S.K.: 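I have a structure here, written as C-alpha cells, and I will follow up with some questions on it.
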Amino acid sequence: MPLPRLAIIGRPNVGKSSLFNRLAGRRISIVDPTPGVTRDRVTSVVELRPPPDAGDAAPRFVELMDTGGYGVYTAEDGRIDDAGKDLAALTPEIERQIKAAAQQADLILFVVDAHDGVVALDETVAKLLRGAGLAAKVLPVCNKVDDPSWEGDGIEAAALGFGDPVLVSATSGFGTRALSEALWERLGTAGAGERPESPDVRFAIVGRRNAGKSSLVNALAGEPRVIVSEIAGTTRDAVDVRFEVDGNVLVAIDTAGVRKRKSYADDVEYYSSTRTDDAIHRADVCVLLLDATEKCSQVEKRLASKLEEGYKPTVIAVNKWDLVQPKLSPRDYIEYLTQEFPGLDFAPIVFVSAKDATGLRELLGLIANLDTQAKHREGTGRVNSAVREILEARGPSSRLGTRAKVFYVAQIDVKPPTIAMVVNKPDLFEGTYERYFKNQLREHLPFSEVPIKLVFSERKREKREH
C-alpha cells in the first residue's frame, strides 16, 4: 500500500522548509530568507514515533512533501533574476505543484507565521483550500512560536477556520513533540508498521543549467513531477522522484544546474551546489547529462572529474539529440566525448531526447547494468588469475630495473569494486601504469563500465629476534 502523504503549504517565508527539515530530521530543503527558494515538490519519507501513551505501537511512515510559497512572485521584490528574467513566469508551475501536493495529500499542514499574524495571503490560501473541498484534511500549524510568550499570537491562526493551530518553532524545536502527536492522532492507523520499500536503484542526474535534467526526470516518471522552464536555474533543491518500471522501484534525483562558482548569484545557488554534491554522494549511479546543441564546457569537465574522483558509476547521456541528428553521427560524437572526458572513457554513452521521450529505455537499462556491475563481487581465484595475466603481458618496472612482485590480491569491497594488492613496491603501480592496469582489469573482469578502486600496500617484513 502507498504511504500516507503529508503536504506542507502556505505563503512565502512562513518557515515551511524549516518545518519540513525538522520533521525529516535532516537538511533536505534549502532554507534561506529569499522568497521563492523552494519551487518544486520536495519529498522525504519520515518515521513518526508513537507518543508515550501509545504503548508498544509500531512506528508509522509517511511521505512528507514541501512546496513552494503560494503567491511568491506577486510582489516586485525578488522577481528579476541575475540574468534579467522575470521569475513571475514560474508562478503557474509553482502553483500547479502546490495544488498537486494538496490534492494528493491525506493531511495538509497549513503553515502561518506567529510573528506576522494572519495576513491577506493566508486568507487567500485558506479560501482556496475550502473552495477545493480540502478543508477536512487541513491541520493548521503556526510557526515561529519561539517560546511560550508567543503562544497568544500563534493562537490567532484559529481565525482561519480550521480549528486551533499546533504551535511550533521549526528553528528551535519548540512544540514539535505536540505536532508529532497531532499528526499521529490525525493519521489514525495509516502507515502503521509499513516501512517503505528501498529503491532498487537511486540515480542522480547532473549537468549544467538548461541541459534538460528536469524534462528528463518528468519523461522518466511519466508525469510533470518537477518544474520545467527556459529560465536558467529553475531547480534549486535536489528533488527525489520515485517511480516504477517493470516492477522495479527507481528514484531519480533531479539536481540544480551547475555553473562556475564565480558566477553564483547568491547564497541559494551555493546551497543548491552542495545539494548536488550530496545527491552524487548518495546515488548508486550518476547520469551526466549533456546538451547536444552546446559544446562541452569546463562545468561538465569539473563534474566529470568529481564523478571520477568519487568512483561513481556514470552514464553519459546526450540530450536534445533530435536537434542535431541530421548534422552529427553518433560515432563522431562519441570520439569527441572521449577526447573531452578521458577520465570517463569507460563510461557508456546514450543518446536521448527528453522532449520526445526517446532513448529512455536504453538509458534505464544502462543504469541498471552499471548498478549490477558496481555491486558484483568476483571470486579471489578469478581476480588473481586476471592480475597474473595482466602482469605477464606487461608489468611495471622502475628505471633501475626493479620489477613488480605481487604477494596477495583480493576484492575487498563493492560500490565501487575495490581490489587490494600487497606488492613489493607500490610506487611502481602509480601514474600511467595504474590507469593501464585498471583498463586491463575491466577487460578481464565483469567491471567493464564502472570505476575500479585499487588499494596498494607494501609487504611488511617480519622482525627476527637475535
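On a predicted model such as this, the values are computed, not experimentally measured, just so you know. All residue numbers in this chain count up from 1 along the given sequence.
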S.K.: With rounding to the nearest 0.5 Å, note down the distance linking CG in D200 to CG in N248.
M.R.: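 With rounding to 0.5 Å, CG (D200) is 4.5 Å from CG (N248).
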S.K.: Can you give me the closest heavy-atom contact between G212 and A354, atom names plus distance?
M.R.: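 So the minimum-distance heavy-atom pair works out to O-CB, 4.4 Å.
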S.K.: NZ of K301: more than 12 outside heavy atoms within 6.0 angstrom?
M.R.: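 Correct, the count exceeds 12.
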S.K.: V206 and K213: which non-hydrogen atoms are nearest, and at how many Å?
M.R.: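 Smallest heavy-atom distance, with atoms named: C-CD, 3.7 Å.
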S.K.: If you draw the axis of the six-membered ring of Y408, does the NZ or CZ of R459 fall within 45° of it and under 6.0 Å from the ring centre?
M.R.: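 R459 over Y408 ring: no.
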S.K.: Please list, chain by chain and in numerical order, all residues satisfying ring-ring contact (aromatic ring centres under 6.0 Å, His included) with F203, sequence neighbours excluded.
M.R.: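 Here no residue qualifies.
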S.K.: If you define the side chain from C-beta out and look only at heavy atoms, does anything of I419 sit under 4.5 Å from V455?
M.R.: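 A side-chain contact is absent here, since even the closest heavy-atom pair is not under 4.5 Å.
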S.K.: Tell me if the CZ atom of R177 is crowded by more than 12 foreign heavy atoms within 6.0 Å.
M.R.: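 Not more than 12 within 6.0 Å, no.
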S.K.: Can you give the donor-acceptor pairs under 3.5 Å from side chains of residues 444-453 to other protein atoms, not counting sequence neighbours?
M.R.:
{"residue": "H444", "atom": "ND1", "partner": "Q440", "partner atom": "O", "Å": "2.8"}
{"residue": "H444", "atom": "NE2", "partner": "E389", "partner atom": "OE1", "Å": "3.4"}
{"residue": "E449", "atom": "OE1", "partner": "Q373", "partner atom": "NE2", "Å": "3.1"}

S.K.: Residues in side-chain contact (heavy atoms from CB on, under 4.5 Å) with P51, at least two apart?
M.R.: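 Listed in chain order: D53, A54, E181, W184.
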S.K.: Under 4.0 Å between a Lys/Arg side-chain N and an Asp/Glu carboxylate O for R60 and E47?
M.R.: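 So R60 does not pair with E47 through a salt bridge.
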S.K.: Determine whether V287 and I367 make a side-chain contact, defined as any pair of heavy atoms from C-beta on separated by less than 4.5 Å.
M.R.: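 With C-beta onward as the side chain, the pair touches.
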S.K.: Will you find, in the side chains of E335 and T338, an N or O donor that is under 3.5 Å from an N or O acceptor?
M.R.: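 Their side chains do not contain a donor-acceptor pair, so the 3.5 Å distance test is not met.
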S.K.: Quick one: CZ on R242 to CG on L250, what's the gap to the nearest 0.5 Å?
M.R.: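 The CG atom of L250 is 9.5 Å from CZ of R242, to the nearest 0.5 Å.
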S.K.: Among residues two or more places apart or on two chains, list those pairs meeting salt bridge (Lys or Arg N to Asp or Glu O under 4.0 Å) that have a residue in residues 308-325.
M.R.: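 Of all non-adjacent pairs touching residues 308-325, those that pass salt bridge (Lys or Arg N to Asp or Glu O under 4.0 Å) are D291-K320.
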S.K.: Go through the side-chain N and O atoms of Q411 and R377 and say whether any donor and acceptor fall under 3.5 Å apart.
M.R.: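 There is no such pair between these side chains.
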S.K.: Before giving the answer on side chain to side chain donor-acceptor pair (under 3.5 Å), spell out for S215 and N218 the whole-Å C-alpha distance, their side-chain angles and the decisive distance to 0.1 Å.
M.R.: CA-CA 5 Å; S215 295; N218 287 343; 5.9 Å; no
S.K.: Take L303 and L288 through the test side chain to side chain contact (heavy atoms under 4.5 Å, CB included) and record every step on the way to the result.
M.R.: CA-CA 8 Å; L303 271 173; L288 177 58; 4.2 Å; yes
S.K.: Taking all non-hydrogen atoms of both residues into account, name the closest pair between F341 and A304 and its distance.
M.R.: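 Closest approach of F341 to A304, heavy atoms only: CD2-CB, 3.6 Å.
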S.K.: Within a 6.0 Å radius of atom CZ on R442, are there more than 12 heavy atoms belonging to other residues, nucleotides or ligands?
M.R.: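 Atom CZ in R442 is packed in, count exceeds 12.
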S.K.: Just so I know, are the side chains of V62 and L48 near enough to count as touching, which here means a heavy-atom distance under 4.5 Å?
M.R.: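 With C-beta onward as the side chain, the pair touches.
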S.K.: Charged N to carboxylate O under 4.0 angstrom, D345 versus R435?
M.R.: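 Yes, D345 and R435 are salt-bridged.
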S.K.: Between L290 and C296, which heavy-atom pair has the shortest distance, and what is it?
M.R.: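 Minimum heavy-atom separation between L290 and C296: CD1-SG, 4.2 Å.
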S.K.: Roughly how far apart are I98 CD1 and T67 OG1, rounded to 0.5 Å?
M.R.: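 Going from CD1 on I98 over to OG1 on T67, the span is 5.0 Å.
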S.K.: May I have all residue pairs that pass ring pair (Phe, Tyr, Trp, His ring centres under 6.0 Å) and include part of residues 311-332, sequence neighbours excluded?
M.R.: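 Listed by first then second residue: W321-Y333, W321-F351.
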S.K.: Roughly how far, to the nearest 0.5 Å, is the CD1 atom of I316 from the OG1 atom of T314?
M.R.: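 T314 OG1 to I316 CD1: 7.5 Å, rounded to 0.5 Å.
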S.K.: Students often mix this up, so state it plainly: with edges at 30° and 60°, are the rings of F437 and F429 parallel, tilted or perpendicular?
M.R.: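 Because their plane-to-plane angle is over 60°, the rings of F437 and F429 count as perpendicular.
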S.K.: Run the side chain to side chain contact (heavy atoms under 4.5 Å, CB included) check on L6 and M65 step by step: do they pass?
M.R.: CA-CA 6 Å; L6 276 60; M65 297 183 282; over 6 Å; no
S.K.: Heavy-atom distance under 4.5 Å between the side chains of V315 and L363, does that happen here?
M.R.: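 Yes, at least one pair of side-chain atoms sits under 4.5 Å.
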S.K.: With distance as the sole test, does E300 use its side chain to make a donor-acceptor pair with the main-chain N or O of S297 at under 3.5 Å?
M.R.: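 A pair under 3.5 Å: yes.
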S.K.: Check P50 against P59 and note the closest heavy-atom contact, atom names and distance.
M.R.: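 Scanning both residues completely, I find the closest heavy atoms to be CD-CA, 4.3 Å.
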S.K.: Which class fits the ring pair Y436 and Y433: parallel under 30°, tilted 30 to 60°, perpendicular over 60°?
M.R.: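 Tilted: the ring planes of Y436 and Y433 meet at 30° to 60°.
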S.K.: Are the side chains of L441 and L454 in touch, meaning some heavy atoms are under 4.5 Å apart?
M.R.: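 With C-beta onward as the side chain, the pair touches.
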S.K.: With distance as the sole test, does N384 use its side chain to make a donor-acceptor pair with the main-chain N or O of T380 at under 3.5 Å?
M.R.: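 Side chain of N384 to backbone of T380, a donor-acceptor pair under 3.5 Å: yes, one is there.
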S.K.: Between atom CG of L428 and atom CD of E434, what is the distance when rounded to the nearest 0.5 Å?
M.R.: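 Here the interatomic distance stands at 12.0 Å.
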S.K.: Are the side chain of T372 and the backbone of A368 linked by a donor-acceptor contact shorter than 3.5 Å?
M.R.: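 Answer holds: yes.
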S.K.: Between T255 and I205, is the side chain to side chain contact (heavy atoms under 4.5 Å, CB included) condition met? List the steps.
M.R.: CA-CA 6 Å; T255 64; I205 303 175; 5.6 Å; no
S.K.: How about I280 and D278: do any of their side-chain heavy atoms sit closer than 4.5 Å?
M.R.: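 No, too far: nothing below the 4.5 Å cut-off.
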S.K.: In this structure, are over 12 heavy atoms from other groups packed under 6.0 Å from K438 atom NZ?
M.R.: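 Counting other residues, nucleotides and ligands, NZ of K438 exceeds 12 neighbours.
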S.K.: For residues D106 and P4, report the shortest heavy-atom separation together with the two atoms involved.
M.R.: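 D106 and P4 have their closest heavy atoms at OD2-CA, 3.1 Å.
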S.K.: Is there side-chain contact between I108 and L139, with heavy atoms separated by less than 4.5 Å?
M.R.: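 No, every pair of side-chain atoms sits at 4.5 Å or beyond.
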S.K.: State whether the side chain of N143 and the backbone N or O of A170 hold a donor-acceptor pair below 3.5 Å, judged by distance alone.
M.R.: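 Yes; judged by distance alone, with no hydrogens or angles, the pair exists.
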S.K.: Does any part of the side chain of T43, heavy atoms only, come nearer than 4.5 Å to the side chain of V239, both counted from C-beta?
M.R.: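 Not touching, per the 4.5 Å side-chain cut-off.
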S.K.: If you apply the rule side chain to side chain contact (heavy atoms under 4.5 Å, CB included), what do you find for V352 with T358, and how did you get there?
M.R.: CA-CA 5 Å; V352 302; T358 57; 5.6 Å; no
S.K.: Between D277 and K306, is the closest basic N to carboxylate O distance under 4.0 Å?
M.R.: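 Counted as a salt bridge, because a side-chain N and a carboxylate O are separated by less than 4.0 Å.
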S.K.: Tell me every residue that passes side-chain contact (heavy atoms from CB on, under 4.5 Å) with R202, counting only those two or more places apart in sequence or in another chain.
M.R.: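 R202 satisfies side-chain contact (heavy atoms from CB on, under 4.5 Å) with P199, D240, V251, I253, R282, D284 only.
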S.K.: Does a side chain donor of either S18 or N21 reach within less than 3.5 Å of an acceptor in the other side chain?
M.R.: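 The criterion, which ignores hydrogens and geometry beyond distance, is not satisfied for N21 and S18.
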S.K.: How long is the span from the CZ atom in R361 to the CG atom in L366, to the nearest 0.5 Å?
M.R.: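 With rounding to 0.5 Å, CZ (R361) is 13.0 Å from CG (L366).
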